[in-house]
Amino acid sequence: MIKSPAELSLAAKTLGGVPIWGVLPGTAAARAGVRYGDIVMRVNGIETRTLEDFIAAREASDGRVVFDVFREGELLRLNVHLATGGTLS
């Protein structure tokens, strides 16, 4: 399990994904199960090697976003339903 910000940063860089630094309670991301320490590898099938990739893939969605995240040695698929305006809140 990733515990420190340094470990999360190194893991994200090594795996080629975007780290999740935190999730606000009650948001769409929290309801979908996204949590601190996840590393987003793909959004709707589009690789997210950088934050810019992540933002572009999320903005291209129709309100439904599928995150493929790496968590504790496993790849998980999480379905996130975006609020009006495409935000994760």
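Here the structure is a predicted model, which is why all the values come from computation and not from measurement.
When hydrophobic clusters are built by joining Ile, Leu, Val, Met, Phe, Trp and Tyr residues whose side-chain heavy atoms come closer than 4.5 Å, directly or via intermediates, L75 is grouped together with L15. Linking ILVMFWY residues whenever their side-chain heavy atoms come closer than 4.5 Å, directly or via other members, leaves I55 and I46 in distinct clusters. Taking hydrophobic clusters as Ile, Leu, Val, Met, Phe, Trp and Tyr residues chained together by side-chain heavy-atom distances below 4.5 Å, F70 shares a cluster with Y36.
Annotation: side chain of E47 is not in contact with side chain of D53 (no heavy-atom distance under 4.5 Å). Within the 4.5 Å cutoff, the side chain of F67 has no heavy atoms near those of the T48 side chain. With contacts defined as side-chain heavy-atom distances shorter than 4.5 Å, the pair L78/D38 qualifies. Proximity of R71 to I20: side-chain heavy atoms (C-beta onward) are nowhere separated by under 4.5 Å.
Between the side chain of S61 and the backbone N or O of R58, at least one donor-acceptor pair lies under 3.5 Å. Checking side-chain atoms of T14 against main-chain N and O of L10 turns up a donor-acceptor pair under 3.5 Å. With hydrogens and angles ignored, the 3.5 Å screen pairs a side-chain donor or acceptor of D62 with a backbone N or O of R64. Within the 3.5 Å criterion, the main-chain N or O of G26 finds a donor-acceptor partner in the side chain of R31. Formation of a donor-acceptor pair under 3.5 Å by the D68 side chain with backbone atoms of R77 is not found in this model.
The minimum heavy-atom distance linking A57 with N44 is given by the pair O-ND2, 4.5 Å. Across G17 and M41, no two heavy atoms sit closer than the pair CA-SD, 4.0 Å. Here the closest heavy-atom approach between residue V66 and residue N79 is recorded as CG2-OD1, 3.2 Å. Nearest approach of A32 to V80, heavy atoms of both residues: CB-CG2, 3.5 Å.
By the neighbour-count criterion of 12 heavy atoms within 6.0 Å, atom CZ of R49 is sparsely surrounded, having that number or fewer from other residues, nucleotides or ligands.
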